[in-house]
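All remarks here apply to the structure that follows.
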Amino acid sequence: TRPDGTVESVPVAATLRARLDSLTLGILVSEEPLPDLLGPQPVNLVYVRTEAGAAEDVGVAIDGVLQDFTGVEVVPGNFLGQIVGQVLDFLVAAVNALLGVSIVVALVGIVNTPTLSLHERRSAQGVVRALGTTRGQVARMVVGESVLVAVLGTVVGVGCGVLVGWVLVGALGDGSVPFSLNPARVASIVAAGLLVGVVAAVAPARRAVRVAVLDAIRAT
C-alpha cells in the first residue's frame with residue numbers, strides 16, 4: 001500500500017522460514033523499486049558489522065562520533081537476541097537457585113543419615129565394642145558408611161542429570177545444539193560428594209567412639 005492509499009501488486013521472489021533472527025524483517029524489497037513504491041525514505045537504521053571481540057570498542061567509538069546527535073541511539077548487538085538472552089539468563093539463574101536449595105537439602109540428608117543410623121544401632125555398637133573392636137575401627141566404619149551414602153546419592157544424581165540433559169538436547173531434533181559433557185565438572189561434583197560424606201561423618205563418629213559399652217548394649 002502506497003502512502004497515498006493506492007495498492008501496488010509486486011511479484012513474490014522468495015519466502016523466509018520463521019526464525020528468531022527473521023521475526024522483525026517483515027516484507028523485503030530491493031532498493032530499485034522502493035522509491036517508486038514509497039517515495040523517498042530517510043535512513044532510520046544502520047547495521048555495523050565488527051570483527052569478533054571488537055563490538056564494544058566500535059560501540060564506544062560510534063558513541064563518541066554521535067554524541068552531538070540526540071536523536072540517534074546506538075544499540076550494541078542484536079537487540080532481539082539480547083532480549084532472548086536476558087530471558088534465558090533469568091531462567092538459568094532460577095534453575096541454579098533451585099539447584100542450590102537441592103544441594104543444601106542433600107547435605108542435610110547426608111548428615112542425618114549416619115546420625116540416625118548410629119542412633120538406631122546403638123546396641124550393636126556396644127556389642128562390637130565388647131567383642132574387641134577399637135575406637136578407630138568404629139570411627140572408620142562410620143566414615144565408610146557415610147561415604148557410601150554420599151557416593152550412592154552423588155552417582156545416582158549425576159547419572160540422572162546427564163541422562164535428562166541428553167534427552168532434552170536430543171528432543172530438539174535438528175542437531176543445532178550438540179550434547180556436550182564436561183568431565184572435569186562431573187569429576188568435581190563426585191569429589192565434592194565424597195568430601196561431604198567424610199565431613200558429615202565426623203560428628204557421628206565422635207559420638208560413636210565415646211559411647212559407653214555397657215550403656216550401648218542395654219540400649220533398645
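Under a hydrophobic-cluster definition in which Ile, Leu, Val, Met, Phe, Trp and Tyr are linked whenever side-chain heavy atoms come within less than 4.5 Å, directly or via other members, L98 and V92 are assigned to different clusters. Linking ILVMFWY residues whenever their side-chain heavy atoms come closer than 4.5 Å, directly or via other members, places V72 and V46 in the same cluster. Using a 4.5 Å cut-off between side-chain heavy atoms of Ile, Leu, Val, Met, Phe, Trp and Tyr, with links allowed through other members, V169 and V186 fall into the same hydrophobic cluster. L66 and Y47 are not part of a single hydrophobic cluster, where members link through side-chain heavy atoms under 4.5 Å apart. V101 is not connected to V95 by any chain of hydrophobic side-chain contacts under 4.5 Å among Ile, Leu, Val, Met, Phe, Trp and Tyr, and they are in different clusters.
Looking at V10 and E8, their side chains come closer than 4.5 Å, going by heavy atoms from C-beta outward. Contact annotation: the side chain of V164 never approaches that of W166 to less than 4.5 Å [non-hydrogen atoms, C-beta and beyond].
For the side chain to side chain contact (heavy atoms under 4.5 Å, CB included) test with L152, the passing option among V155, V149, L148, V156 is V156; the others fail.
Of the possible polar contacts, none joining the T154 side chain to the V151 backbone as a donor-acceptor pair under 3.5 Å is found.
In the displayed structure, Q137 atom CD is contacted under 6.0 Å by more than 12 heavy atoms of other residues, nucleotides or ligands.
Summarising the geometry, atom CG belonging to D57 is positioned 11.0 Å from atom CD1 belonging to I62; distances are rounded to the nearest 0.5 Å.
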